[in-house]
Number of protein chains: 2
Amino acid sequence: MSERESERSVSQTVRAQMALRDLILSGSLRPGERISELQAVEITSVSRTPVRLALVRLEDEGLLQAIPSGGFMVKAFSERDILDSIELRGTLEGLAARFAAERGASARSLEPLKECLADLDQLVRQDPISVEAFSAYVTLNARFHALLTELSGSAPVIRQIDRASAMPFASPSAFVMAQSALPEAHNILLIGQEHHRIVVDAIENREGARAEAIMREHARLAVRNLRLALRNRNHLDLLPALALLTSATSD
Amino acid sequence: MSERESERSVSQTVRAQMALRDLILSGSLRPGERISELQAVEITSVSRTPVRLALVRLEDEGLLQAIPSGGFMVKAFSERDILDSIELRGTLEGLAARFAAERGASARSLEPLKECLADLDQLVRQDPISVEAFSAYVTLNARFHALLTELSGSAPVIRQIDRASAMPFASPSAFVMAQSALPEAHNILLIGQEHHRIVVDAIENREGARAEAIMREHARLAVRNLRLALRNRNHLDLLPALALLTSATSD
DNA sequence: AATCGATTTCCTGTATACATCTTGAATTCT
DNA sequence: AGAATTCAAGATGTATACAGGAAATCGATT
């Protein structure tokens, strides 16, 4: 999940992958644009072999699309695609929460999640929430979701959630920063935190259906955030992931 | 989905991928076993470049696991993993069915699904079901599930379902053939077909919750099949996918 | 006899050269 | 003038050579 790998001593493949991903997410490479290997070689300054590997990895990461006749192009997403991806993540996280509840997560395994919950509580308590607090929230929120996912105890489920969350606009914290510019910011954060509390409670009490339902609803909070952010377009710069959106945003 | 690509004129990468997949699924390469590139080169008779590509593809297909120090090993699965993968597919297909229902699939788009349903009906009507009929059922069943998935109208959902179904033991038709040897065979097929009927009806009537619930339950039929097949182990040879199961089956 | 260390071997990561196919443009024919 | 065909340029698929590193084996020392 962390991409701060000291820059040097990482494989050329990973370096190329990161460089290309940044270029795609920043919008330097437009959706639909074909990206040739030689182009990528020039950009990343590594040879074709690792570049090709990076392209393949980015393809199944979901950022690129294979062209039938060979090569890749930057994938384009509709607003509907983004909303669906969020709903998809919510559904999968719901499954994870249900598994955690039904299978009786031990008190010990719940401990880290509760700690994370407490940390989040402390953050949302401040009334005018600073930008730094928002940043910290993003980190803690990601951690909460990761812990919850792991609590499912199911490798296939964890794997699938990771893949779904790999889409930059579908990750649990994708649109949190967008809130920071909104007047409703604090309220939304409070509601999200309430969801967190409920899912922990539900898991603790073995209430599978409740745990599942609340995680689905929780994801829909991200949908709300996105819609709000798109409406007052002032702060779209906080959402680099939207560079992948077709017929949208800028210009 | 079909792998009959005329053998010649397919890329070396694909050829290597198919060959290695067959070897893994047939159990020739044991779970946990490390598979070196040179080994793969000898097996497939193609050079290292396409072999490496094939290995990467098989990794995100889920059959291989990357070793931190480099290289790959055949992934091993517990019985729990398999059951979870099936539940996972059911959950995703439930989401697809709900989308199809909520978004109002047009009468025209429902047509192929209904045709497929009718074809299936004709098959399950015979009382002692021949082995050939079972085979035909597998094909039609796969088609039904594919059509249903597409009816969601959501590319992200379709993509995720395809990925989940790529696991050989999680595909909709994985354990149908195992039934053919069971006395309960006909009943299970009838129940499955009833599920098919219900989901079409639910979609037609815009009953999202019903459509979702029935697809979840439908997947659990596969769980039942698997459990039955594992109990009377006579016909495990019909389940090549189980070669990936750890501490199990043969010997 | 066991453990530590050094050497050797094999394996992966990377770069590049070559062949084939696709694509686009220019020219020619209708 | 428009369309079709051919040719050229570039891009991808494939093979292989080279380098760096990991792991296993063998030997030496305690």
Side-chain angles (χ1 to χ4, degrees), chain A residues 3 5-24 28-76, chain B residues 3-24 28-61 63-76:
Chain A
E3 295 176 357
E5 308 233 4
S6 77
E7 280 300 316
R8 65 170 173 272
S9 89
V10 273
S11 72
Q12 301 288 70
T13 301
V14 173
R15 197 173 311 178
Q17 189 176 351
M18 296 194 312
L20 290 173
R21 178 168 35 208
D22 286 349
L23 249 47
I24 295 170
S28 303
L29 297 170
R30 295 280 179 89
E33 188 175 342
R34 179 169 190 164
I35 173 171
S36 78
E37 292 182 5
L38 286 87
Q39 220 180 323
V41 164
E42 279 185 13
I43 291 170
T44 61
S45 305
V46 303
S47 80
R48 274 187 64 208
T49 308
V51 154
R52 168 173 275 262
L53 230 26
L55 290 173
V56 170
R57 291 241 156 86
L58 286 172
E59 180 198 3
D60 52 67
E61 197 173 309
L63 263 44
L64 294 181
Q65 190 171 15
I67 299 174
S69 64
F72 299 94
M73 53 181 274
V74 180
K75 207 161 168 181
Chain B
E3 296 177 357
R4 293 281 160 270
E5 309 234 2
S6 76
E7 279 300 313
R8 66 171 173 270
S9 87
V10 270
S11 73
Q12 301 289 69
T13 301
V14 173
R15 198 173 310 178
Q17 189 176 350
M18 295 194 313
L20 290 172
R21 177 168 36 206
D22 285 349
L23 250 45
I24 294 171
S28 303
L29 295 170
R30 295 279 180 89
E33 188 176 342
R34 179 168 191 167
I35 174 172
S36 78
E37 292 183 4
L38 284 84
Q39 219 179 325
V41 164
E42 279 185 13
I43 291 171
T44 62
S45 306
V46 303
S47 79
R48 274 186 63 208
T49 306
V51 154
R52 168 173 275 262
L53 246 319
L55 290 173
V56 169
R57 290 242 155 85
L58 287 172
E59 180 199 2
D60 53 68
E61 197 172 310
L63 263 44
L64 294 180
Q65 189 170 14
I67 298 175
S69 64
F72 299 93
M73 55 181 274
V74 180
K75 206 160 170 182

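Below, chain A is the first sequence line, B the second, and so on; all start at residue 1.
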Peer 1: Looking at residues at least two apart in the chain, or sitting in another chain, which of them share a salt bridge (Lys or Arg N to Asp or Glu O under 4.0 Å) with B/E33?
Peer 2: none

Peer 1: Scan for salt bridge (Lys or Arg N to Asp or Glu O under 4.0 Å) pairs involving residues 44-56 of chain B, sequence neighbours excluded, and state none if there are none.
Peer 2: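 Sorted pair list: B/E37-B/R48, B/E37-B/R52.
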
Peer 1: Could you tell me which residues satisfy side-chain contact (heavy atoms from CB on, under 4.5 Å) with A/P31, sequence neighbours excluded, listed by chain and number?
Peer 2: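 Expected list: A/A76.
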
Peer 1: Would you kindly give the CD-to-C1' distance between A/Q39 and D/dG10, to the nearest whole Å?
Peer 2: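 Between C1' of D/dG10 and CD of A/Q39: 12 Å.
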
Peer 1: By side-chain contact (heavy atoms from CB on, under 4.5 Å), which residues pair with B/I67, not counting sequence neighbours?
Peer 2: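 Residues passing side-chain contact (heavy atoms from CB on, under 4.5 Å) with B/I67: B/R34, B/S69, B/M73.
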
Peer 1: Calculate the interatomic distance between B/E59 atom CD and C/dT12 atom P; express it in whole Å.
Peer 2: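 Rounded to whole Å, this separation is 14 Å.
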
Peer 1: Would you give a per-nucleotide map of nucleotides 12-23 of chain D, 5' to 3', where B means the base has a protein non-hydrogen atom under 4.0 Å away, S means only the sugar-phosphate does, and - means neither?
Peer 2: BBBBBB-----S

Peer 1: Please identify each residue that fulfils side-chain hydrogen bond (donor to acceptor under 3.5 Å, both in side chains) with B/S28, with sequence neighbours left out.
Peer 2: B/S26

Peer 1: Without decimals, in angstroms, what is the distance between A/L53 CG and C/dG13 P?
Peer 2: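 Roughly 8 Å, once rounded to whole Å.
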
